[in-house]
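Here is the structure we will look at, set down as structure tokens.
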Amino acid sequence: MFQRTISSLIFAAATLGATAAFAQTAPDALIKQVANEVIDSVKNDKAIQAGDVGRIQGLVDTQVMPHVDFQRMTAATVCRAWKTATPEQQAKLQAEFKTLLIRTYAGALTKVNAQTTVELKPTRSSPEDTDVTIRTNIKGTGGDPVQIDYKLEKQPSEWKIFDVNVLGVWLVDQYKSSFQQQIASGGVDGLINALVAKNKAGMAAK
């Protein structure tokens, strides 16, 4: 169950990409429309279905990252050390964290098939809310439906994702503990070095 939970996180993130046309869309409608677009893209890309990390990187960069507040997400995992990190350290942390997520969870995208669909659950929110949680089920991936929740913040131009929950595990919480341990023993540079090493090991294993 735990392995299935964490292996689904990148798939959750990958359902967040969109074009600027959705900028003023309500958060629940945004997730529904965007999820369908990204799933369709995966269905039509055999390289992604085969686990091609380069193609997955391209999908994430062009369709996902513009609509995720990844700085907030990374800062939340690094906690207090983020405020004392230099701009260069912050940039490196974001880059290596993104690479880690893509390489660790790339296999989840291969589960998308012709039967994969997104079911939007009822949302309890009001028009004045600036933070909302959108709940969905991803069906038709070869097993039971995967429950995925998204936390979104209303920003000046659009709603943006800042955390994802798969089967009860929030992405930020998933990494916060290990990041804090690494910072405690080696500082921010120690965490960066550890992420670089892990990502290089993942690349060598391909």
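Side chain of Q180 to main chain of V78: a donor-acceptor pair is present (N/O by atom type, distance under 3.5 Å, no hydrogens or angles). In this structure, K32 contributes its side chain and V118 its backbone to a donor-acceptor pair below 3.5 Å. Using modelled atom types, no side-chain atom of D45 and backbone atom of S41 make a donor-acceptor pair closer than 3.5 Å. Although no hydrogens or angles enter the test, the distance criterion places a donor-acceptor pair under 3.5 Å between the side chain of T136 and the main chain of I148.
For the atom pair NZ of K151 and CH2 of W159, the computed distance is 13.5 Å after rounding to the nearest 0.5 Å. With rounding to the nearest 0.5 Å, the separation of OG1 in T99 from CD in Q94 is 11.5 Å. Note that the CZ atom of R124 and the CG atom of D129 stand 13.0 Å from one another [nearest 0.5 Å]. The distance from atom CZ of F97 to atom CG of L191, rounded to the nearest 0.5 Å, is 9.5 Å. The NZ atom of K160 sits 10.0 Å away from the CD atom of Q71 when rounded to the nearest 0.5 Å. How far CG of L30 is from CD1 of I134: 9.0 Å, rounded to the nearest 0.5 Å.
Contact between Q90 and A85 at its shortest, heavy atoms only, is NE2-O, 3.6 Å. Here the shortest heavy-atom pairing between V188 and A81 reads CG2-CB, 3.9 Å. Of all the heavy atoms in I31 and I161, the pair that sits closest is CD1-CD1, 3.9 Å. Across every non-hydrogen atom of T116 and G140, the tightest pair is OG1-O, 2.9 Å. Taking all atoms of both residues into account, the shortest heavy-atom contact from D163 to L171 is OD1-N, 3.3 Å. Across all their heavy atoms, K43 and N113 have their closest contact at CE-O, 2.9 Å.
The side chain to side chain contact (heavy atoms under 4.5 Å, CB included) test applied to E128 returns S126, not counting sequence neighbours. Under the side chain to side chain contact (heavy atoms under 4.5 Å, CB included) criterion, D149 pairs with T133, R135, Q147, N165, W170, not counting sequence neighbours.
Both L101 and V60 belong to a single network of hydrophobic side chains, linked directly or stepwise wherever heavy atoms of I, L, V, M, F, W or Y lie under 4.5 Å apart. Neither V132 nor F162 shares a network with the other; the hydrophobic side chains, linked directly or stepwise wherever heavy atoms of I, L, V, M, F, W or Y lie under 4.5 Å apart, form separate groups for each.
In this structure the side chain of N137 reaches within 4.5 angstrom of the side chain of K121, judged on heavy atoms. Contact check for D189 versus I192: side-chain heavy atoms found under the 4.5 Å cut-off.
Crowding of K154 atom NZ: a count of heavy atoms from other residues, nucleotides or ligands under 6.0 Å not exceeding 12.
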Query raised in the report: Step by step, would you call L195 with K92 a side chain to side chain contact (heavy atoms under 4.5 Å, CB included)?
Result: CA-CA 10 Å; L195 290 173; K92 287 182 178 179; over 6 Å; no
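Listed by first then second residue, pairs satisfying side-chain hydrogen bond (donor to acceptor under 3.5 Å, both in side chains) with a partner in residues 72-83 read R72-E153, not counting sequence neighbours.
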